[in-house]
Engineer: 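Below is the structure I would like to discuss, written out as structure tokens.
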2 protein chains.
Amino acid sequence: MKKAETTRLSILHKAFKLIYTKGYQTTSIDEIIATTQVTKGAFYYHFKTKDEMGLAIINEILKPSLTESFIDPLYTIENPLDAIYTLMENLLMKTEFLKVEYGCPTSNFTQEMTPWNVDFGRALKEITKLWIQSMTSLIEKGKENAFVRKDVNAKHVTVFVISGYWGIRNFGKLENTKKAYLPYLNQLKTYLHTLQ
Amino acid sequence: MKKAETTRLSILHKAFKLIYTKGYQTTSIDEIIATTQVTKGAFYYHFKTKDEMGLAIINEILKPSLTESFIDPLYTIENPLDAIYTLMENLLMKTEFLKVEYGCPTSNFTQEMTPWNVDFGRALKEITKLWIQSMTSLIEKGKENAFVRKDVNAKHVTVFVISGYWGIRNFGKLENTKKAYLPYLNQLKTYLHTLQ
DNA sequence: CTAAAAACATACTACTTAGTATGTTTTTAA
DNA sequence: TTAAAAACATACTAAGTAGTATGTTTTTAG
């Protein structure tokens, strides 16, 4: 039970890449198995349906990468406002597997799936909640440590920042250059500054 | 040449509604003509392809509604910062044809189409530009009239605000309640306050 | 009123899609 | 080593898709 797991993960990774660049609907199973060098039999041995694979992508690909790239970095800088800004700057300008022309995977998924698949919505809501909670509690701690003003609503700030992030990711798709991110980063900095 | 135009617009309106609620890919032409009570012959008389219809939706439905609901209201309030906040509050909480579970049409289109259709991207970029330019020049005027600090970068503020709007619209899809919009509106208000 | 063009209607095609039926090979456990 | 289960392979199906071919009806202009 080792090779099998490799096959499964290989399918998930290739499928994720295709879906990230093309969208879920426009990515066919035939295309996935072609680029994965796996046959239909193997695919349907590992996943009952395409949607089951989609859910697996959220839980087994998106979720871990969210933890690694979106949450853990928050704890490497003492000042939470600095941590948030640095995170966003890294995500937008430096993180390599995120491309300006393809936007944010979680945001893309949310946009495309939510209207017609409740399970996808639930799974996406859950992983988004993780990000929100991390950032919120970080700000709360910042209030205790005098990095953040006491009257700041941590949850509100978090949602505001993340909304901007999702929005500017979509914006980037239109402009097709990372320069499009700069206005957001610039204003994010001044905004965060007003919270201390 | 009057009845024909009615048919054409009827198709565009019904198609827009379907696409807004379900997405472009998942809305089939058969579905469109079924709800429009029009036959395939009529559809393909008015539009050479599905994508031509999609472009027509952007230019003939989205664009006018953007002007009417997203731009014109900006000029009804003297203080540009108040105008922007009021616009966003109205769009998010009151505008009836925008539903929390379906997000923002322009943002949806951008998200779904950009990766695989250049023409859609161009058209969407163009109408988005209209919104940005309006809001930017409004803020510039606000600087002259002492409503806005002189050192504020109008374009940056505009992009920051609109990004937040797009993002919170996507956020609403996960939460499925307009309450999800409140953190954005709340922080938008305090953010705009710091610009005066 | 009438012919020609515009506007629509119907039946079909070629292709793609997710999923299945039925196999064969590989791995695992005794 | 061997039998059984796991893992994969191939060929197929049924349903849907955008788009077309070929009509008929309606409108318009002279």
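Here is the naming used below: chain letters follow the sequence lines, and residue numbers restart at 1 for every chain.
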Engineer: Once you round it to whole Å, what is the distance between P of C:dT16 and CD of B:Gln25?
Structural biologist: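 Those two atoms, CD and P, are 15 Å apart.
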
Engineer: Under 3.5 Å, is there a donor on one side chain and an acceptor on the other for B:Thr158 and B:Thr136?
Structural biologist: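 Checked: B:Thr158/B:Thr136 side chains pair up, N/O donor to acceptor below 3.5 Å.
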
Engineer: Could you check whether B:Trp166 and B:Phe171 have their ring centres less than 6.0 Å apart?
Structural biologist: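 They do not qualify: ring centres at least 6.0 Å apart.
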
Engineer: Heavy atoms from C-beta onward define the side chain here; which of C:dA18, D:dT17, C:dA9 lies closest to that of B:Ala42?
Structural biologist: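 Ranking C:dA18, D:dT17, C:dA9 by closest atom to the B:Ala42 side chain puts C:dA9 first.
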
Engineer: How close or far is atom P of D:dA15 from atom CD1 of B:Ile29, stated in whole angstroms?
Structural biologist: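 Rounded to whole Å, this separation is 21 Å.
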
Engineer: To the side chain of A:Ser28, which of C:dT17, D:dT20, C:dG19 is closest?
Structural biologist: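 Closest of the options to the side chain of A:Ser28: C:dT17.
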
Engineer: Nearest whole angstrom, please: distance from the C1' of C:dC15 to the CD of A:Glu31.
Structural biologist: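 The distance from CD of A:Glu31 to C1' of C:dC15 comes to 15 Å, rounded to the nearest Å.
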
Engineer: With both distances under 3.5 angstrom, what nucleotide forms a Watson-Crick or G-U wobble pair with D:dG23?
Structural biologist: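 Base-paired to C:dC8.
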
Engineer: With side chain to side chain contact (heavy atoms under 4.5 Å, CB included) as the criterion, how do B:Trp116 and B:Gln25 come out once you've worked through the C-alpha distance, each side chain's angles and the decisive distance to 0.1 Å?
Structural biologist: CA-CA 11 Å; B:Trp116 53 269; B:Gln25 301 283 352; 2.5 Å; yes

Engineer: Is the distance between the ring centroids of A:Phe97 and A:Phe16 under 6.0 Å?
Structural biologist: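 No, too far apart.
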
Engineer: Write down the distance between CZ (A:Phe43) and C1' (C:dA21), rounded to a whole number of angstrom.
Structural biologist: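 That distance rounds to 18 Å.
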
Engineer: Is the ring centre of A:Tyr165 less than 6.0 Å from the ring centre of A:Tyr184?
Structural biologist: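 Centroid separation for A:Tyr165 and A:Tyr184: 6.0 Å or greater.
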
Engineer: B:Arg8 or A:Thr26: which one's nearest nucleotide on DNA chain C is closer to the 5' end?
Structural biologist: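 Between the two, 5'-proximity favours B:Arg8.
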
Engineer: To the nearest angstrom, how far is A:Lys40 atom NZ from C:dT22 atom C1'?
Structural biologist: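 Taking atom C1' of C:dT22 as the reference, NZ of A:Lys40 is at 15 Å.
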
Engineer: Toward the 5' end of DNA chain C, which comes first, A:Gly41 or A:Asp30, by nearest nucleotide?
Structural biologist: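 Its nearest nucleotide being more 5', the pick is A:Asp30.
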
Engineer: In whole angstrom, what separates B:His46's NE2 from C:dA6's C1'?
Structural biologist: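 Distance, rounded to whole Å: 10 Å.
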
Engineer: Distance check: side-chain N/O of A:Thr49 vs OP1/OP2 of C:dA18, anything under 4.0 Å?
Structural biologist: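 Indeed not, no polar side-chain atom of A:Thr49 lies that close.
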
Engineer: Taking NZ from A:Lys50 and P from C:dT17, how many angstroms apart are they, rounded to a whole number?
Structural biologist: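 Atom-to-atom, A:Lys50 to C:dT17, this comes out as 9 Å.
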
Engineer: Round to the nearest Å and state the distance from B:Phe47 atom CZ to C:dC8 atom P.
Structural biologist: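 Going from B:Phe47 (CZ) to C:dC8 (P), I get 11 Å.
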
